[in-house]
2 protein chains.
Amino acid sequence: MKYNQVTIKDIARELGISPSTVSRALKDHPDISPETKKAVNELAEKLNYQPNIVALSLRQSKTNTLGVVIPEIVHFFFSTVISGIEDVAYSAGYNIIITQSNESLQREKTDIKALFNSRVDGMLISLSRETNSFEHIDAMMAKGVPMVFFDRVYDSANSSKVIVDDLSGAKEATLHLIEQGCKRIAHLEGPPNLDITKQRLQGFREALAEHNLPVHEDLIVSCPQGTIEEGKAAAEKLLKMANPPDAIFATNDPAAMGAMQTIKEAGLKIPQDIAVVGFSNWFFSSLMDPPLTSVDQPGFEMGQEAAKLLIRQIEVKSKEHIDPTPETKILKTRLIVRDSSLKSGKKK
Amino acid sequence: MKYNQVTIKDIARELGISPSTVSRALKDHPDISPETKKAVNELAEKLNYQPNIVALSLRQSKTNTLGVVIPEIVHFFFSTVISGIEDVAYSAGYNIIITQSNESLQREKTDIKALFNSRVDGMLISLSRETNSFEHIDAMMAKGVPMVFFDRVYDSANSSKVIVDDLSGAKEATLHLIEQGCKRIAHLEGPPNLDITKQRLQGFREALAEHNLPVHEDLIVSCPQGTIEEGKAAAEKLLKMANPPDAIFATNDPAAMGAMQTIKEAGLKIPQDIAVVGFSNWFFSSLMDPPLTSVDQPGFEMGQEAAKLLIRQIEVKSKEHIDPTPETKILKTRLIVRDSSLKSGKKK
DNA sequence: ATCGGAATCGCATTCGTTTGCGATTTTATA
DNA sequence: TATAAAATCGCAAACGAATGCGATTCCGAT
């Protein structure tokens, strides 16, 4: 739109000086006399001059904009991350452009291309569930686009990432169940492509191993979408078994929630008959009946850290013309124990 | 960042023609011969030419970017709206820049200014809870910035808006409670500045009036933040009354949820002793115990409609140099009846 | 009075693209 | 063949700001 904003030229014309002098005066360049500076600044103030960011972006090849690619906006954890990103980006004077891949690899590709064409200064990316090839990412990295991954990261990428300690979180959750006296613990596994899925499964296995408990492979049920419906279906399958589990550790809260519904409908008690633990500590988890024990992921902090890493990378690169060495931030999870897993009735 | 992207000049140099010819060839201008067009297009393809959007924006005074100002990103309804906005913006070739006011008027002001300085083509705004003055908005409108409001709208603004029929939704919810045999219905009222608060209260009143039921003003309790905690406190206050209500209609789901907790802790049954209805149909509402009856707002559709209105306004204005007359889209709500209000046991 | 140097400031270019207008070439018409 | 008309294309300015470098002015020192 043409907003008829005042430009540096208007000020120059009015004052009978050149645009370059105005430009320098506004940035307090030593070449300019105090009187001219004063005149320029006063007129700029009076006319409410605002520099044209687009012209600046073109001139400096810098847009002060970060691109965000996220699987889904309508998702408690991810929207929390966005909020964290927005928080530090705002403070640092960056805009954020949001795109969502809708868990589609195809869409993720076009999103990344579009962000590149918008000349964002860097990208914050969390991979889609479908993503199993990485040429689109490698291509961007080859062009030198600063990128930081979060949560669902590109593991072999030579770039910074922010993750939570999924393995430890899953292990702690499982250990908690063992402590509660559970012997046959089932796991609802998440999307197979994602690294976090593997980490959580691994944490589950390690906890069992630590207590010399056998891993019953048939107690590991896949929930490739991680939805409530899949949680229900998985629980139904588990309940039909000759020797059903006495606890379920789910890869996320919706799956856990689905399992809880099935268990309750079957007339079984949570946690007495089957204890349940989820992952991510969604907004609704504390409101369930019984309240769901879950592994809390610090989403806001993750967004903040990711944005900080990216901005630092951008600014170091523009000043020193060299990429800082990639960093990996691992954020701690926190097990929130609630009634869905408290067989003993005592808090840990 | 400098990505060393190929420009129109590179193509021109390589082909020994001028940049202007390349520009015209790429846009299929009739002045250019088919042979040159072919040569240009092939080379552009080969070099993977991508136009520099920043330069385009400067030249055309159009950024193809929409600014969004939203009270909170981590909010089921609002994130759903964002998703709807993103959906149509993406299809129409627009980027969206997200800012959140965090329910602060001050932050809302700076957000809007920042978006203006970023030269967005238009803004999609939902007001903060605190917003009780509108100079910052009037100023933008005076400059001719296309704006569309959604949900929490600036009512006297001469601009398009998208709202849900809060009055009808609230009325329908209250009528439903009356139908269930409730006589003393309480209302948990929302943030006082917001129009939606008034509409919902009005709908509540109309429903009672229609059935010749008195409005007990002491049964209208304010929840200015609309949080779970306030819902709890409000319910405690109501339960202490000599003649407590037999139903509660809350301005939103968290408040309803808080009330439910208090009611259950007091040993009362929902809906037998007190029926509860919420508003917005949050993600968790169906998962409560009992599942919460709520007025569903089509958030995704709201985002879509708002973005469509804004984009149309932008494009009409740029072509015909005149603003289209403001439109107000009123989206229908839908009462989702669940167990928290079903005294009779039969669905409507 | 002359010169040197510091203090100020403007010209011209740059970023990448678009576009009015003029220039040149080719083709068609008489 | 002369001439008009059409077909192609380039020049230059524009969008708004930044900046290297050259130009000008002014002051004090000699």
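Naming convention: chains lettered A, B, ... in sequence-line order (proteins, then strands); numbering from 1 in each chain.
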Between [atom2] on [N] and [atom1] on [X], what's the gap in Å once rounded to a whole number?
X        : N       : atom1 : atom2 : value
His29(B) : dG10(D) : NE2   : C1'   : 13 Å
Gln5(B)  : dT17(C) : CD    : C1'   : 15 Å
Asp31(B) : dT19(C) : CG    : C1'   : 11 Å
Glu35(A) : dT25(D) : CD    : P     : 17 Å
Asp10(A) : dC15(D) : CG    : C1'   : 13 Å
Leu56(A) : dC15(D) : CG    : P     : 16 Å

When we call it a touch if two heavy atoms are under 4.0 Å apart, what does [X] touch: a base, just sugar-phosphate, or nothing?
X        : answer
Leu58(A) : base
Ser23(A) : base
Asn52(B) : sugar-phosphate
Pro19(A) : nothing

Donor-acceptor pair (no angle test) under 3.5 Å: [X] side chain, [N] base:
X        : N       : result
Arg59(A) : dG16(C) : no
Ser20(A) : dC11(C) : yes
Thr36(B) : dC9(D)  : no
Arg13(B) : dG16(C) : no

Of the listed nucleotides [options], the one nearest the side chain of [X]:
X        : options                   : result
Ile32(A) : dG16(C), dC9(C), dA18(D)  : dC9(C)
Arg24(A) : dT17(C), dT8(C), dG20(D)  : dG20(D)
Tyr49(A) : dA18(D), dA17(D), dG16(C) : dA17(D)
Ala55(B) : dG16(C), dC9(D), dG16(D)  : dG16(C)

Going by the rule salt bridge (Lys or Arg N to Asp or Glu O under 4.0 Å), which residues pair with Asp195(A) if we only count those two or more places apart in sequence or in a different chain?
none
Can you confirm whether Thr21(B) sits close enough to Ile32(B) that some side-chain heavy atom of one is under 4.5 Å from a side-chain heavy atom of the other?
yes
Is any side-chain heavy atom of Val40(B) closer than 4.5 Å to a side-chain heavy atom of Leu26(B)?
yes
Are a donor atom and an acceptor atom from the side chains of Ser33(B) and Thr36(B) found within less than 3.5 Å of each other?
yes
Taking atom OG of Ser126(B) and atom CE of Met302(B), what is their separation to the nearest 0.5 Å?
8.0 Å
